[in-house]
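Written below as structure tokens is the structure these notes are about.
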Amino acid sequence: MSTALHPSRWTLRTKLVSSVLLLFVVIIMAIGALTVWQLQRTLADRIDQQLVTSAQQLAVPSADRSDALNYQGGGGNSLRVDLYAGNVVYVQDLQNGGIRPSALINRLGAPPTQLSVAQINIVRTAGIGDHPSTIGLGRAGDYRVIAVSHAAKLRTQATGPPSSQTVTTIVGLPLGDTYAAVRRAALAVALLSGAGLILVGLATAYVVRRNLEPLRRVAETATRVSTLPLSAGEVVMHERVDPADTDERTEVGQVGLALNQMLDNVDGALTARQESETRVRQFVADASHELRTPLASIRGYAELSRREREPVPTGVQHAMSRIESESDRMTALVEDLLLLARLDSGRPLDREPVDVTLLAMETMSDAHAAGPGHRWKLDLPDEPMEVVGDEARIRQVLINLLANARRHTPEGTEVTTRVAGDGGDVVVTVSDDGPGIEPSLLPHIFERFTRGDSARTRTEGSTGLGLSIVHAVVTAHGGDLRVQSVPGRTTFTMRMRRSFQETPASMPSVAP
Ligand SMILES: Nc1ncnc2c1ncn2[C@@H]1O[C@H](COP(=O)(O)OP(=O)(O)OP(=O)(O)O)[C@@H](O)[C@H]1O
Ligand SMILES: [Mg+2]
């Protein structure tokens with residue numbers, strides 16, 4: 001049996017219906033067999049009764065034996081064979097019924113003409129006694145037979161008067177009618193059982209289906225919940241099993257109730273998670289914001305000290321310039337963190353038409369100025385490409401991507417920015433033929449604080465937040481950002497819709 005057909009793989013409905021049907025078949029077969037057997041016994045008993053009655057009539061001494069020999073019971077196909085000293089002296093016609101005139105009685109050993117010789121021999125040699133027994137007479141079918149010995153007038157000599165002799169008469173009744181009646185009864189039982197089976201099958205299937213219906217609804221609820229995006233953002237889970245399907249007294253109700261309790265629990269946990277996430281975000285936003293003022297002061301004082309006319313020792317001068325550059329770096333970091341916190345909190349973005357072609361040209365020329373050692377290429381369409389969004393953020397995306405192409409590749413690397421339309425989308429790619437992103441880094445490249453070893457050792461500030469900002473901005477615009485990188489070709493592909501529906505803020509897999 002293939003595993004798919006194995007009962008363990010059946011649905012509960014199939015199992016229930018087939019169990020009920022199996023039970024029904026067993027019971028109905030037992031009842032049917034018993035009924036038919038009982039009927040057969042009753043009919044057989046009646047025939048035996050008739051045979052015994054006939055035998056008793058034959059045994060009664062009568063003045064005229066030839067009358068007594070007239071077999072009373074039976075009907076058309078009854079059988080009678082009279083034997084004297086093992087020889088047949090009378091045979092009743094099996095085919096035509098009726099009793100032959102006793103002419104035959106007078107002809108001792110006359111060959112039987114109505115029963116075939118073979119049939120007569122079966123009767124003679126069957127060892128029939130005074131208890132009814134069954135013999136088979138070939139094409140004539142089965143007969144219930146009994147033997148009785150009685151006195152009869154018989155001419156034993158060719159001439160002379162008949163004398164009283166002991167004759168054995170075998171009388172029999174055909175079992176064909178009994179068999180037919182039993183067959184008819186069996187057929188009726190079989191037909192009724194078949195009809196009953198279909199009826200029981202349909203009724204069981206209906207009842208089982210009706211009773212399992214709530215289970216299907218519970219499963220549907222579970223399936224709907226399983227498709228909800230629960231991994232990030234504000235999640236409100238309203239899905240619950242219908243109260244009608246949570247009746248504790250039924251098994252299905254218990255499942256429904258358990259599912260609802262589980263959903264309540266998950267809902268509570270998600271709300272708690274969301275609250276703690278919001279608190280963390282708020283903390284980062286607040287902390288970044290609070291850091292801005294003292295940082296501005298530090299930068300201001302450092303700048304002020306540079307303008308000092310009094311001679312300052314070289315060591316102090318160096319320290320002051322380090323303080324200034326580090327505070328610049330920290331300011332950039334704080335700005336990045338603040339921006340990420342704001343994007344995380346799903347703060348609405350500006351929605352204005354932004355000409356991406358123009359942005360690409362401007363940021364490219366800035367990058368050229370910052371990295372004259374690189375070869376900068378632009379590939380722009382003839383007509384302007386506009387998306388609806390926040391210009392400052394989209395500009396930052398391009399700045400970050402171009403800064404990476406400049407900072408993480410050696411001089412002489414060719415960097416190409418390409419803007420193209422693709423149906424309702426605008427596709428911007430920034431690619432370079434530099435050494436590529438380290439493969440171990442690639443799967444986590446958009447996570448916060450992910451940066452390569454080369455970037456860590458650089459003196460120039462590198463925080464690992466650049467690409468997470470790019471990702472967060474593109475996602476917040478309902479766009480899609482991909483990266484492909486092998487040594488010699490690194491391509492960032494950004495796809496944004498010309499008009500966008502804001503997506504709920506999504507928390508990247510690594511929290512700040
Ligand atoms: N075009 C590129 N070629 C090679 N490596 C790259 C490229 N772009 C990014 N990387 C690698 O990906 C890392 C992450 O980049 P990301 O912009 O997030 O951070 P960063 O550039 O190190 O710091 P910052 O926050 O200042 O941008 C980089 O440290 C660098 O190792
Ligand atoms: Mg960067």
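The shown structure was predicted, so the numbers you read here are calculated from the model rather than taken from an experiment.
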Query raised in the report: Measuring from Y179:OH to L43:CG, what's the distance to the nearest 0.5 Å?
Result: 11.5 Å
Query raised in the report: Do any N or O atoms from the side chain of D336 and from the backbone of L465 form a donor-acceptor pair under 3.5 angstrom?
Result: no
**Report entry** Test item: T204 and L16 side chains (from C-beta on) under 4.5 Å apart, heavy atoms
**Finding:** no
Query raised in the report: For V200 and V20, which heavy atoms make the closest approach, and how far apart are they?
Result: CG1-CG1, 4.0 Å
Query raised in the report: Would you call V252 and D245 a side-chain contact if the rule is heavy atoms closer than 4.5 Å?
Result: no
Query raised in the report: Is a side-chain N or O of Q254 found less than 3.5 angstrom from the main chain of E248, in a donor-acceptor match?
Result: yes
Report task. Please determine if R217 and E220 form a salt bridge, counting it only when a charged side-chain N lies under 4.0 Å from a carboxylate O. Result -> no
Report task. Would you confirm whether N211, through its side chain, and V207, through its main-chain N or O, come within 3.5 Å as a donor-acceptor pair? Result -> yes
Query - Min side-chain heavy-atom separation L259-M262 under 4.5 Å - result: yes
Query raised in the report: Salt bridge check: are D480 and R482 linked by an N-O gap of less than 4.0 Å?
Result: yes
Query raised in the report: Would you say the side-chain atoms of T450 pair up with the backbone N or O of F446, donor to acceptor, closer than 3.5 Å?
Result: no
Query raised in the report: Salt bridge between D432 and R489, side-chain N to carboxylate O under 4.0 Å?
Result: no
Requested in this report: Determine whether L442 and V483 make a side-chain contact, defined as any pair of heavy atoms from C-beta on separated by less than 4.5 Å.
Outcome: yes
Query - R322 and S325 side chains, donor-acceptor separation under 3.5 Å - result: yes
**Report entry** Separation of M496 CE from T475 OG1 (nearest 0.5 Å)
**Finding:** 10.0 Å
Query - Student check: side-chain heavy atoms of Q484 and T490 closer than 4.5 Å - result: no
**Report entry** Rounded distance [0.5 Å steps], OG in S18 versus CG in L22
**Finding:** 7.5 Å
Query raised in the report: Just wondering, are more than 12 heavy atoms of other shown residues or ligands nearer than 6.0 Å to CD in E362?
Result: yes
Requested in this report: For L197 and F24, run side-chain contact (heavy atoms from CB on, under 4.5 Å): C-alpha distance rounded to whole Å, both residues' side-chain angles, the deciding distance at 0.1 Å, then the answer.
Outcome: CA-CA 7 Å; L197 196 69; F24 179 79; 3.3 Å; yes
Query raised in the report: Using the ring of each side chain (for Trp, its six-membered ring), is H368 parallel, tilted or perpendicular to W376, with breaks at 30° and 60°?
Result: tilted
Query - Electrostatic pair D267:R240 at N-O distance under 4.0 angstrom - result: yes
Report task. Considering non-hydrogen atoms only, spot the tightest contact between A285 and L338 and give its length. Result -> O-CD1, 3.3 Å
Requested in this report: Spell out, as yes or no, whether a donor-acceptor pair under 3.5 Å connects the side chain of H408 to the backbone of A403.
Outcome: no
Query raised in the report: At their closest point, which heavy atom of A360 faces which heavy atom of V419, and how far apart are they?
Result: CB-CG2, 3.9 Å
Report task. Indicate yes or no for a side-chain donor-acceptor contact from T14 to the backbone of W10 under 3.5 Å, with no hydrogens or angles considered. Result -> no
Report task. Measure the spacing between CG of L380 and OG1 of T417 and express it to the nearest 0.5 Å. Result -> 8.5 Å
Requested in this report: State, to 0.1 Å, how close V208 and R13 come at their nearest heavy-atom pair, and which atoms those are.
Outcome: CG1-CG, 3.4 Å
**Report entry** Spatial distance of atom CZ (R407) from atom OG (S462) [nearest 0.5 Å]
**Finding:** 5.0 Å
Query raised in the report: Which heavy-atom pair separates L39 from A181 by the least distance, and what is that distance?
Result: CD2-O, 4.1 Å
**Report entry** Any donor-acceptor pair under 3.5 Å from D350 side chain to E352 backbone
**Finding:** no
Report task. Would you please test L359 and I394 for side-chain contact (heavy atoms from CB on, under 4.5 Å) and show each step? Result -> CA-CA 8 Å; L359 275 188; I394 299 173; 3.7 Å; yes
Query - Residue pair N404, L467: steps toward the side-chain contact (heavy atoms from CB on, under 4.5 Å) verdict - result: CA-CA 9 Å; N404 279 354; L467 286 178; 3.5 Å; yes
Query raised in the report: With a 3.5 Å cut-off and no angle check, do the side chains of S226 and T223 form a donor-acceptor pair?
Result: no
Report summary line: Scanning both residues in full, the closest heavy-atom pair of S431 with T491 reads CB-OG1, 3.5 Å
Query - Verdict with supporting geometry, E213 and R210, salt bridge (charged side-chain N to carboxylate O under 4.0 Å, His left out) - result: CA-CA 5 Å; E213 184 63 17; R210 264 201 71 140; over 6 Å; no
Query - L378 side chain reached by M361 side chain, heavy atoms, under 4.5 Å - result: yes
Requested in this report: Determine, stepwise, if the pair E303 / R306 fulfils side-chain contact (heavy atoms from CB on, under 4.5 Å).
Outcome: CA-CA 5 Å; E303 213 179 308; R306 198 153 27 89; 3.5 Å; yes
Query raised in the report: Between R329 and E326, is the closest basic N to carboxylate O distance under 4.0 Å?
Result: yes
Query raised in the report: What distance separates I47 CD1 from T134 OG1, expressed to the nearest 0.5 Å?
Result: 9.0 Å
Query - Check: D433 main-chain N/O paired with T413 side-chain donor or acceptor under 3.5 Å - result: no
Report task. Check whether any side-chain heavy atom of I399 sits under 4.5 Å from a side-chain heavy atom of D366, and report yes or no. Result -> no
**Report entry** Residues D48, R144: salt bridge by 4.0 Å N-O rule
**Finding:** yes
Query - R281 bridged to E277 by N-O distance under 4.0 Å - result: yes
Query raised in the report: Is any NZ, NE, NH1 or NH2 atom of the basic residue among R395 and E391 found under 4.0 Å from an Asp or Glu carboxylate oxygen of the other?
Result: yes
Query raised in the report: For V473, does its backbone N or O pair with a side-chain atom of H477 as donor and acceptor, under 3.5 Å?
Result: yes
Query raised in the report: Would you call R299 and E324 a salt bridge, using N to O less than 4.0 angstrom?
Result: no
Query raised in the report: Is it the case that more than 12 heavy atoms not belonging to M237 sit under 6.0 Å from its CE atom?
Result: yes
Query raised in the report: Do D247 and L257 have side chains that get closer than 4.5 Å, going by heavy atoms?
Result: no
Query - T357 (side chain) donor-acceptor with M385 (main chain) under 3.5 angstrom - result: yes
Query raised in the report: Are the charged groups of R498 and E386 less than 4.0 angstrom apart, N to O?
Result: no
Query - Test: D422 and R497 ion pair at under 4.0 Å - result: no
